[in-house]
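Index from 1, following the sequence.
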Amino acid sequence: MELADLTRIRYEKHGRVARVTLDRPDRLNAMDLRTHEELALVWDDFEQDDELWLAVLTGAGERAFSAGQDLKELAARIADGSNTPATFGSRGKPGWPRLTERFELAKPVIARVNGHAFGGGFELALACDIVVAADTATFALPEARLGLIAGAGGVFRLTRQAPYRAALGHLITGRPMTAARAHALGLVNEVVPAAELDACVDTWVTDILGCAPLAVRAIKEAAAAAATMPLEQAFRTRFPWEERRMHSEDADEGPRAFVEKRPPRWQGR
């Protein structure tokens, strides 16, 4: 499969920004196996394209960011005997490594959440770096109600990104949360009226692009890695993207531009 063969995903490049859209609005952007295969191609290309500095991930239409796993496809696989028991992670499955397991992806990803972000859709948002939601958005990990588990990282990320007891309450009941609740728990950076969602996302894009790309990647890499380290160990650790940043031309360009009272000209090197 090649990028020209995409049928489930819209992948557009606008300058430094990749726009990635889950494009199955008639199925609430549910993710079947082909969707995961296509997303893997897209994330591979995004990661490798030096001209792209950040991505915006969203769902087509106004009803859903993504309803998560395509349960009709799953039920069909169960019926024909082709389904196999699954647990955490996507290794060995179509589309591996999925965004939820691309731990080395240093370029930032913004989730633009419109409508429902359920199951795997919520897990995708949790794996992004910035989450901007319409005030009509709702979030849930309903897997327990289906005899399943939030195996794409929901069990792990929700309990790390929100207070443990609040996170566990949502996990073991499948209760949905409003965008306002998600914001109060620190899961969402900003909530705006649906009509203002694109404008709000654009402000985040502009602000990130105003920063040196290597500095952004170094910060993301170090923050993620150090989150589970003792502080002393974090200070001693050498981070690959920080090594690149500290020896880069951009590290000199920033202070020089400040003194010369002009906008910096970032080159990503």
Heavy-atom pair of closest approach, residues [X] and [Y]:
{"X": "R24", "Y": "D70", "value": "NH1-OD2, 3.1 Å"}
{"X": "L33", "Y": "E73", "value": "N-OE1, 3.1 Å"}
{"X": "D49", "Y": "K13", "value": "OD2-NZ, 2.9 Å"}
{"X": "D23", "Y": "A60", "value": "OD1-CB, 3.4 Å"}
{"X": "P213", "Y": "G268", "value": "CG-CA, 3.6 Å"}
{"X": "A179", "Y": "V191", "value": "O-CG2, 3.6 Å"}

Nearest 0.5 Å please: distance from the [atom1] atom of [X] over to the [atom2] atom of [Y].
{"X": "L124", "Y": "L22", "atom1": "CG", "atom2": "CG", "result": "6.5 Å"}
{"X": "L52", "Y": "H14", "atom1": "CG", "atom2": "NE2", "result": "10.5 Å"}
{"X": "T100", "Y": "H36", "atom1": "OG1", "atom2": "NE2", "result": "8.0 Å"}
{"X": "L148", "Y": "L74", "atom1": "CG", "atom2": "CG", "result": "6.5 Å"}
{"X": "T237", "Y": "E242", "atom1": "OG1", "atom2": "CD", "result": "12.0 Å"}
{"X": "L168", "Y": "L158", "atom1": "CG", "atom2": "CG", "result": "9.0 Å"}

Derivation and outcome, salt bridge (Lys or Arg N to Asp or Glu O under 4.0 Å), residues D32 and K72: CA-CA 9 Å; D32 59 3; K72 289 185 178 180; over 6 Å; no
- prompt: With a 4.5 Å heavy-atom cut-off, do L28 and F65 have their side chains touching?
  reply: no
task: Evaluate the criterion ring pair (Phe, Tyr, Trp, His ring centres under 6.0 Å) for residue pair F46 and Y11; output intermediate values, then yes/no.
output: CA-CA 10 Å; F46 169 63; Y11 181 42; 7.8 Å; no
query: So K107 and E47, salt bridge (Lys or Arg N to Asp or Glu O under 4.0 Å) or not? Walk me through it.
result: CA-CA 7 Å; K107 295 180 182 180; E47 193 165 7; over 6 Å; no
- prompt: Does CZ belonging to R63 count more than 12 external heavy atoms closer than 6.0 Å?
  reply: no
- prompt: Got more than 12 heavy atoms from elsewhere within 6.0 Å of CD, E62?
  reply: no
task: Kindly indicate, with the supporting measurements, whether the criterion salt bridge (Lys or Arg N to Asp or Glu O under 4.0 Å) is fulfilled by E51 and R16.
output: CA-CA 6 Å; E51 297 301 310; R16 299 294 190 184; 3.1 Å; yes
Residue pair E253, R256: steps toward the salt bridge (Lys or Arg N to Asp or Glu O under 4.0 Å) verdict: CA-CA 5 Å; E253 168 64 8; R256 184 182 299 119; 3.6 Å; yes
query: Only one of T21, L39, L57 clears side chain to side chain contact (heavy atoms under 4.5 Å, CB included) with I9; which?
result: L39
task: Would you check, one step at a time, whether the test side chain to side chain contact (heavy atoms under 4.5 Å, CB included) holds for V56 with W204?
output: CA-CA 10 Å; V56 176; W204 285 92; over 6 Å; no
